[in-house]
Protein chains: 2
Amino acid sequence: MTVKIDTRSKILKTALKLFQLHGYHATGLNEIIKESGAPKGSIYYYFPNGKEELALKALDLSTKIIKTRIQQELSAFIDPVKAFQFHITEIANFINHPENLDDIPMSLLSLEAAFTMESLRKACAATFEARKKIYVEKLIQSGFKIDKAEELGMIIQLMIEGAITLSLTQKDNLPLLTVVKQIPMLLKS
Amino acid sequence: MTVKIDTRSKILKTALKLFQLHGYHATGLNEIIKESGAPKGSIYYYFPNGKEELALKALDLSTKIIKTRIQQELSAFIDPVKAFQFHITEIANFINHPENLDDIPMSLLSLEAAFTMESLRKACAATFEARKKIYVEKLIQSGFKIDKAEELGMIIQLMIEGAITLSLTQKDNLPLLTVVKQIPMLLKS
DNA sequence: TAATATATAGACCAGTTGCTATAATATTAT
DNA sequence: ATAATATTATAGCAACTGGTCTATATATTA
């Protein structure tokens with residue numbers, strides 16, 4: 001009984017990691033099997049609609065994990081400047097150990113889905129939305145007006161995504177650290 | 001003679017578009033053939049090292065096209081605020097017609113390459129660098145100190161990449177327009 | 001022990017990249 | 001001008017891998 005769930009969740013965790021890091025099309029089901037140690041036949045037992053369902057469910061998992069993590073990091077400081085700086089610095093610290101980047105990178109999967117996998121695209125959009133909401137809430141708690149908080153939350157989110165992309169491409173976390181530096185200016189207004 | 005080059009460049013242009021929009025792994029050679037109308041055998045005649053060489057050469061092409069385009073858009077206004085706003089607005093205008101987005105989106109290809117295709121990853125890093133340089137030059141011309149220009153150039157670049165990712169995922173150019181709105185604040189310092 | 005539910009291995013076909021044998025075209029020699 | 005040769009270009013096949021599904025094994029319950 002416990003073992004069943006274990007197989008399912010091993011598949012899920014491995015799939016999530018590979019989809020986010022290597023991409024949806026680059027990761028074969030066989031790779032997921034091999035790396036997770038799960039039996040081949042189990043994929044279609046637990047996810048009867050195949051690879052795309054697996055991606056969808058993996059994304060669900062990610063949304064939950066990430067929510068907790070972001071909320072924790074942002075609540076480490078009441079001052080929003082310090083809180084966001086802490087959050088982004090934490091991401092920066094793991095750029096050179098991406099296997100521990102724990103569900104942070106979303107851009108690859110969502111761009112792959114954007115034109116070719118509508119249901120996955122929508123799920124990605126929802127995940128982005130959920131993350132932004134956490135940022136916005138922190139900003140509102142810190143006294144920003146709703147409209148301004150919405151705007152800044154979106155800017156912070158897109159800076160983070162862009163900086164992750166650049167940092168991973170260049171194998172150098174300078175882009176993320178530059179964002180950290182920019183936060184005080186951004187939240188001064 | 002002219003026809004030869006035509007086949008080669010048709011392949012290249014189609015490949016570039018599909019790689020950037022659908023991704024490297026999602027686009028098959030057959031798809032490139034079909035959409036470009038080029039003969040099947042020609043791919044390995046013009047690009048003997050296969051798909052990855054094709055991606056590399058397509059990226060070269062992109063770097064040239066894009067350089068001209070960005071420089072043109074940025075020189076439309078002397079005021080850097082207006083210039084960058086114009087540049088980003090132009091991108092935003094094409095979010096709903098991505099086939100005309102002309103080599104702008106880089107994130108997908110570079111994230112696919114980041115962990116699995118080292119030479120392509122380096123090429124993407126170089127392309128990002130080349131683009132940033134154009135931004136930085138504009139800022140220097142506008143009177144920013146070199147260090148500050150480097151920093152702001154990077155921020156602008158990563159905001160654009162992040163905003164494209166979000167805009168494409170949400171099929172809505174609000175993220176890009178929010179960046180436009182943010183530019184005056186950013187360049188005030 | 002039979003019947004049902006759960007889980008899995010391995011076969012299958014479609015589609016992939018890469019290549020080779022051939023065709024078309026240009027170039028040179030007679 | 002024609003034949004022989006070299007160059008350029010292309011069609012289509014081979015080898016392989018991918019996702020999918022089915023037939024079988026294992027466990028659970030009646």
Side-chain angles (χ1 to χ4, degrees), chain A residues 1-59 108-109 112-113 115-121 123, chain B residues 1-59 108-109 112-113 115-120:
Chain A
M1 185 56 165
T2 329
V3 187
K4 287 190 277 173
I5 294 174
D6 194 48
T7 291
R8 200 189 112 102
S9 85
K10 271 195 309 184
I11 292 175
L12 223 37
K13 284 189 68 167
T14 309
L16 177 59
K17 194 184 96 184
L18 291 173
F19 285 161
Q20 289 189 317
L21 260 33
H22 297 175
Y24 179 85
H25 291 285
T27 21
L29 263 15
N30 293 326
E31 200 183 347
I32 296 174
I33 287 317
K34 200 174 148 201
E35 187 158 330
S36 70
K40 173 83 187 264
S42 297
I43 290 194
Y44 276 79
Y45 176 70
Y46 291 111
F47 310 96
N49 288 109
K51 199 180 181 184
E52 192 161 350
E53 184 189 354
L54 181 53
L56 249 16
K57 296 284 164 61
L59 208 55
L108 175 50
L109 191 55
E112 282 189 280
F115 296 108
T116 52
M117 292 175 287
E118 186 59 9
S119 59
L120 188 54
R121 195 216 103 226
Chain B
M1 185 57 166
T2 328
V3 186
K4 286 189 275 174
I5 295 174
D6 192 49
T7 290
R8 200 189 111 103
S9 84
K10 269 194 312 183
I11 292 175
L12 224 38
K13 284 188 69 168
T14 308
L16 177 59
K17 193 183 95 183
L18 291 174
F19 285 161
Q20 289 188 318
L21 261 32
H22 297 174
Y24 180 84
H25 292 285
T27 36
L29 263 16
N30 292 328
E31 200 183 346
I32 297 174
I33 289 317
K34 201 173 147 202
E35 187 158 331
S36 70
K40 174 81 188 271
S42 296
I43 289 193
Y44 277 80
Y45 176 70
Y46 291 111
F47 310 96
N49 289 110
K51 199 180 179 184
E52 192 161 350
E53 184 189 353
L54 182 53
L56 249 15
K57 296 285 163 62
L59 208 55
L108 175 51
L109 191 54
E112 283 189 280
F115 296 107
T116 53
M117 293 174 287
E118 186 58 11
S119 60
L120 189 54

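Below, chains carry the letters A, B, ... as their sequence lines are ordered, and counting in each starts from 1.
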If you restrict it to nitrogen or oxygen atoms, what contacts under 3.5 Å exist between nucleotides 19-21 of chain C and the protein, and what is each distance?
none

Give the C-alpha distance, both sets of side-chain angles, the deciding distance and a yes or no for side-chain contact (heavy atoms from CB on, under 4.5 Å) between B/R8 and B/L12.
CA-CA 6 Å; B/R8 200 189 111 103; B/L12 224 38; 3.9 Å; yes

Nearest-neighbour nucleotide for the A/P39 side chain, C/dA9, C/dT6, D/dT8 considered
C/dA9

How many whole angstroms separate atom NZ of A/K51 from atom P of D/dT17?
16 Å

For A/N49 and D/dC21, give me the distance from atom CG to atom C1', rounded to whole Å.
13 Å

From NZ (A/K17) to OG1 (A/T27), nearest 0.5 Å
11.5 Å

D/dG12 P sits how many Å from B/I43 CD1, rounded?
16 Å

Tell me, please, which residues at least two apart from B/E53 pass side chain to side chain contact (heavy atoms under 4.5 Å, CB included).
B/F47, B/P48, B/N49, B/K57

Min side-chain heavy-atom separation A/N30-A/K34 under 4.5 Å
no

Heavy atoms of A/S119 and A/E52 approach each other most closely as OG-OE2, 2.9 Å

What integer distance in Å separates A/R8:CZ from C/dT8:P?
14 Å

Steps toward side-chain contact (heavy atoms from CB on, under 4.5 Å) verdict (B/H25, B/M117):
CA-CA 11 Å; B/H25 292 285; B/M117 293 174 287; 4.1 Å; yes

For DNA chain D, find the residues of residues 25-38 of chain A with a heavy-atom distance under 4.0 Å and give them by number; none if there aren't any.
A/T27, A/G28, A/L29, A/N30

State, to 0.1 Å, how close B/I32 and B/T14 come at their nearest heavy-atom pair, and which atoms those are.
O-CG2, 4.0 Å

Atom CD of B/E52 to atom P of C/dT17: distance rounded to whole Å?
13 Å

Separation of C/dA24 C1' from B/Y45 OH (nearest whole Å):
12 Å

Could you tell me how far apart A/Y24 (OH) and D/dG18 (P) are, to the nearest whole angstrom?
14 Å

Between B/F47 (CZ) and C/dT17 (C1'), how many Å, whole number?
16 Å

One should read off an interatomic distance between A/L18 CG and A/L21 CG, to the nearest 0.5 angstrom, of 7.5 Å

Counting only N and O atoms by type, is there a donor-acceptor contact under 3.5 Å from the side chain of B/Y46 to the main-chain atoms of B/S9?
no

